[in-house]
Each structure stands twice: as structure tokens, then as C-alpha cells.
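Because only heavy atoms are used, hydrogens play no part in the values below, and waters and symmetry mates are left out as well, while side chains stay in. One-based numbering along the sequence shown.
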Amino acid sequence: YHELKQNHPALAEYQKLIDNRKNLTGYFAEKIDKQIVSCIKNLVKDKHLMKQLNTHFPQTKKKFEKLSKNVNSHELMD
């Protein structure tokens, strides 16, 4: 996963946003949730990354695909 984050900056950005989101509530949480959704949609568009995730981390790939279609703030934190 660490190597994937190095090769795909968007994945590193996603992880950074998730880490920051854990400490937020209210308005700021909603604001960062929108950034996370946008980031997830960009990750899903990256076919090369999705192929690698499917090979090494299939659950993560499925989670990204699910969240890109139907997102709510509770699912972002899982």
C-alpha cells in the first residue's frame, strides 16, 4: 500500500484527507467529506491504480467503487 501511495499521489492525498477527517465534526467535517468524495471519484477513474488495487487490495477497490457511486459521511470513516 505504501508503494502504491508513492506511485499514485491521489491515493496519498486520499489517505491524508481520511486521517484529517477523523478529528473533525460539523461544518469542517462536511467540507472535508466533499473533498474525499472528489478524491475517490478521481481514484476510481485511474484504471491503472484500480487494476493494482484489484490485484493486491480487492476490498479497498470495492470500497472505492461503492463510495464513488453512493457516498455518505458514515461510510467514509469505515
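- With values rounded to the nearest 0.5 angstrom, I32 atom CD1 is found 5.0 Å from L17 atom CG.
- Ring geometry for F64 versus Y14: interplanar angle over 60°, hence perpendicular rather than tilted (30 to 60°).
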Criterion side chain to side chain contact (heavy atoms under 4.5 Å, CB included) on E13 and Q35, from CA distance to verdict: CA-CA 10 Å; E13 178 66 20; Q35 292 174 331; over 6 Å; no

K34 vs E30, side chain to side chain contact (heavy atoms under 4.5 Å, CB included): CA-CA, chis, key distance, verdict: CA-CA 6 Å; K34 290 178 183 177; E30 290 177 18; 5.6 Å; no

In a table with atom names and distances, give each donor-acceptor pair under 3.5 Å that connects a side chain of residues 53-62 to protein atoms at least two apart or in another chain.
unit_1: T55; atom_1: OG1; unit_2: K51; atom_2: O; d: 3.0
unit_1: K61; atom_1: NZ; unit_2: E65; atom_2: OE1; d: 3.4
unit_1: K61; atom_1: NZ; unit_2: E65; atom_2: OE2; d: 2.7

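- Between L43 and L11, the shortest heavy-atom contact is CD2-N, 3.5 Å.
- More than 12 heavy atoms of other residues, nucleotides or ligands shown are found within 6.0 angstrom of CD on Q6.
- Between L24 and N20 the shortest heavy-atom distance is CG-O, 3.4 Å.
- In this structure, the separation between CE on M50 and NE2 on H8 is 9.0 Å, given to the nearest 0.5 Å.
- K63 contributes atom NZ, which lies 12.5 Å from atom OG of S68 (distance to the nearest 0.5 angstrom).
- Contact record, C39 with A10: SG-O, 3.5 Å, taken as the closest heavy-atom pair.
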